[in-house]
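Every heavy atom of this structure was used, including side-chain atoms; hydrogens, water molecules and symmetry mates were not.
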Amino acid sequence: MQRTTTGWGSGLLGVLIFSGSLPATRTAVSGFDPLFLTSARAAIAALLGATLLIVLRQKLPARGDLASLAIIALGVVVGFPLLTALALQHITAAHSTVFIGLLPLSTAVFGVLRGGERPKPAFWLFSCVGGVLVAGFALSNGGGASMQGNLLMVAAIILCGLAYAEGAVLSRRLGGWQVISWALVLALPVMSVLTLLQMPQDWSGISPQAWFALGYVSTFSMLIGFVFWYHGLAHGGIASVGQLQLLQPFFGLVLAGLLLGETVALSMIAVTVLVVCCVAGAKRFA
């Protein structure tokens with residue numbers, strides 16, 4: 001029980017950190033090209049992760065772990081950051097953030113496929129209801145949103161769910177921060193080259209806010225958040241702790257309203273209450 005509670009607490013910290021990712025990305029793409037932003041944030045985080053691995057004298061991952069690390073790198077180092085950066089050129093941070101509520105279902109499905117977990121039927125009921133609530137909220141509040149942006153977000157959610165489940169399984173052997181650090185290091189050669197090729201020709205027009213946003217997504221979104229998140233998934237259960245992601249859209253919407261001045265509808269409060277109930281129900285039956 002204590003192990004599960006610790007996992008949920010760690011997972012919640014990860015969710016709070018991740019909640020600022022999309023508003024920060026929305027700010028960053030105002031000054032940086034999406035491809036440069038994706039590669040630069042990964043390269044910066046990889047250098048930090050490599051430093052930790054060297055200073056703390058972590059052993060190299062086994063050859064059999066490389067495939068899993070490649071999947072994680074594809075999902076959360078390259079795929080999710082790039083697809084969301086592209087999506088945020090077409091939709092608002094508030095609209096895109098709500099799609100994150102579909103991540104628990106994606107993570108749970110891949111947790112079954114990759115992690116061998118078997119939640120109770122009631123878990124799937126609460127999970128699906130929570131996902132439908134979030135999807136309905138997104139559609140009802142974004143009828144005029146770009147379909148291209150919506151599809152890019154859906155693709156990002158699928159890749160991210162796969163990487164979350166894969167990382168949680170690997171974290172049981174390597175540790176949470178070690179997994180994301182090795183995944184970042186694995187992607188570093190390609191990300192470094194892309195960063196150099198996609199560098200802006202003129203740096204003078206980039207606002208301080210965009211620089212700050214780049215710093216946030218590089219350190220918190222790409223590294224520190226995953227330390228807590230993978231620890232939470234490994235100790236509290238992939239499907240169970242994954243339900244905390246249903247809260248992320250609403251944390252993100254608050255940040256989008258406060259930091260970006262985007263409108264936060266009162267309907268968010270009602271949906272939030274229902275989603276919290278779904279999270280509680282899913283935890284009980286996971």
What one should report as the nearest heavy-atom pair of Ala46 and Leu188 is CB-CD1, 3.8 Å
- Task: Return yes if some donor-acceptor pair links the side-chain N/O of Gln209 with the main-chain N/O of Ser207 below 3.5 Å, else return no.
- Result: no
Under a 4.5 Å side-chain heavy-atom rule over Ile, Leu, Val, Met, Phe, Trp and Tyr, are Met222 and Ile180 clustered together?
yes
**Prompt:** Hey, what's the ring geometry for Trp203 with Trp211, parallel, tilted or perpendicular (30° and 60° as the breaks)?
**Reply:** parallel
Rounding to 0.5 Å, atoms CG (Leu247) and CG (Leu12) come to a distance of 7.0 Å
TODO: Find out whether Pro61 and Leu69 are in side-chain contact, i.e. whether some heavy atom of one side chain is under 4.5 Å from a heavy atom of the other.
DONE: yes
- Would a hydrophobic clustering, with Ile, Leu, Val, Met, Phe, Trp and Tyr connected at side-chain separations under 4.5 Å, put Leu74 with Val154? no
Here the pair of heavy atoms bringing Pro34 nearest to Ala85 is CB-CB, 3.8 Å
Can a donor-acceptor pair be found, under 3.5 Å and without considering hydrogens, that links the side chain of Ser10 to the backbone of Gly7?
no
- request: Go through the steps for Gln178 and Leu170 under the test side-chain contact (heavy atoms from CB on, under 4.5 Å), then give the verdict.
  value: CA-CA 10 Å; Gln178 292 92 332; Leu170 197 55; over 6 Å; no
| said: In the structure I gave you, are the side-chain heavy atoms of Trp182 and Leu60 within less than 4.5 Å of one another anywhere? | reply: yes
Check your understanding: Quick one: are Pro189 and Val193 in side-chain contact, heavy atoms under 4.5 Å?
Key -> no
Subject >> Short side-chain to backbone donor-acceptor contact, Thr195 and Ser39, under 3.5 Å >> reply: yes
With the 4.5 Å side-chain cut-off for hydrophobic clustering, are Leu66 and Ile72 part of the same group?
yes
Shortest non-hydrogen pair, Leu255 vs Pro23, comes out as CB-CG, 4.2 Å
Note to self: Test of understanding: clusters of I, L, V, M, F, W, Y form through side-chain heavy atoms closer than 4.5 Å, transitively. Do Val241 and Phe251 belong to the same one?
What the structure shows: yes
The side-chain hydrogen bond (donor to acceptor under 3.5 Å, both in side chains) partners of Gln89 (sequence neighbours excluded) come to none
Between the CG atom in Leu53 and the OG atom in Ser181, the distance rounded to the nearest 0.5 Å is 4.5 Å
* Same apolar cluster (I L V M F W Y, side chains within < 4.5 Å links), Leu86/Leu35 -> yes
Residues passing the side-chain contact (heavy atoms from CB on, under 4.5 Å) test with Phe18, sequence neighbours excluded, are Ser21, Tyr164, Phe226, Trp229, Gln248
What one should report as the nearest heavy-atom pair of Tyr230 and Ser171 is CB-OG, 3.3 Å
side-chain hydrogen bond (donor to acceptor under 3.5 Å, both in side chains) filter on Ser106, not counting sequence neighbours, yields none
request  = Kindly indicate, with the supporting measurements, whether the criterion side-chain contact (heavy atoms from CB on, under 4.5 Å) is fulfilled by Leu37 and Val217.
outcome  = CA-CA 9 Å; Leu37 176 63; Val217 297; 4.3 Å; yes
Between Phe228 and the options Leu16, Leu233, Ile17, Val15, the side chain to side chain contact (heavy atoms under 4.5 Å, CB included) test singles out Ile17
- Query: Under the side-chain contact (heavy atoms from CB on, under 4.5 Å) criterion, do Phe126 and Val129 qualify, and how do the steps go?
  - Reply: CA-CA 5 Å; Phe126 281 107; Val129 170; 5.8 Å; no
Report yes or no: does Arg26 contribute a side-chain atom to a donor-acceptor pair with the main-chain N or O of Ile91 at less than 3.5 Å? yes
Self-check item: Close side-chain approach of Leu56 to Trp177, heavy-atom, < 4.5 Å
Solution: yes
Heavy atoms of Val76 and Cys160 approach each other most closely as CG1-SG, 4.1 Å
CG (Leu47) and OG (Ser192) are apart, to the nearest 0.5 Å, by 6.5 Å
Between the CD1 atom in Ile157 and the CZ atom in Phe80, the distance rounded to the nearest 0.5 Å is 5.0 Å
Rounding to 0.5 Å, atoms CD1 (Ile44) and CZ (Arg41) come to a distance of 10.0 Å
What one should report as the nearest heavy-atom pair of Ala213 and Ala24 is CB-O, 3.1 Å
Interatomic distance, OG1@Thr25 vs CG@Leu82, rounded to 0.5 Å, equals 11.0 Å
* Side-chain donor or acceptor of Thr84 paired with backbone N/O of Pro81 under 3.5 Å -> yes
